[in-house]
Amino acid sequence: MQMRFDGLLGFPGGFVDRRYWSLEDGLNRVLGLGLGCVRLTEADYLCSHLTEGPHRVVAHFYARQLTLEELHTIEISAVHSRDHGLEVMGMVRVPLYTQKDRMGGLPNFLGNSFVGTAKFQLLFALKILNMVPEEKLAEAVAATQKPKKLPVDQAAAVP
């Protein structure tokens, strides 16, 4: 994932003008600006989401399994991309574990702010690609929905 300029987490991508590009060609053009060295194909397609409202957007979601070496290459390339430091503040690895306290790792990560459908896309990909066991994923989501405890000094001040 990426930390965006507005502090929200999201996936690399951008707008594609279908008059000039096929969906995958446009996606690869946009990814080339931000990551430089990854190419996606129709086989990497996972799902699409329609965002209703004044600005209707269809978000197409692609995922591809990478080797650790490929991931390192992408991370290095991303730092040298045109958008780094402007639109994108950097790559972020999603923790695919939960610590013994049941909050550290994925549950805490899911408490971050995500742009648009990015959190749903992340959870969908983790489930459909079997990256996190379904029961662990459900526990992580449930842990983020529990009310947070106030620190002792603030709890005493609440009427």
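What you are looking at is a predicted structure, and each value in this text was computed from that prediction instead of being measured.
Glu24 has no carboxylate O lying under 4.0 Å from a charged side-chain N of Arg39, or vice versa, which leaves the two without a salt bridge.
Pairs passing the ring-ring contact (aromatic ring centres under 6.0 Å, His included) check and including a residue from residues 88-112, sequence neighbours excluded, read Phe109-Phe114. Listed by first then second residue, pairs satisfying side chain to side chain donor-acceptor pair (under 3.5 Å) with a partner in residues 125-143 number zero, not counting sequence neighbours.
For Ser77 (side chain) and Thr73 (main-chain N/O), no donor-acceptor pair under 3.5 Å exists by modelled atom type. Under the 3.5 Å distance criterion, the side-chain polar atoms of Thr67 are matched with a main-chain donor or acceptor of Glu70. Between the side chain of Lys119 and the main chain of Ser113, no donor-acceptor pair closer than 3.5 Å is present. Using modelled atom types, no side-chain atom of Asn28 and backbone atom of Asp25 make a donor-acceptor pair closer than 3.5 Å.
Under the 6.0 Å cut-off for aromatic ring centres, Phe61 and Phe11 qualify, their centroids lying closer than that.
One hydrophobic cluster holds both Leu123 and Val94 under the rule that ILVMFWY side chains link at heavy-atom gaps under 4.5 Å. Under a hydrophobic clustering in which Ile, Leu, Val, Met, Phe, Trp and Tyr are joined whenever their side-chain heavy atoms come within less than 4.5 Å, directly or via other members, Val115 and Leu9 fall into different clusters.
Shown here is Arg102, whose CZ atom has no more than 12 heavy atoms of other residues, nucleotides or ligands within 6.0 Å.
Listed here is the closest heavy atom pair of Met103 and Asp101: N-OD1, 2.9 Å. Taking all atoms of both residues into account, the shortest heavy-atom contact from Gly10 to Ala118 is CA-CB, 4.0 Å.
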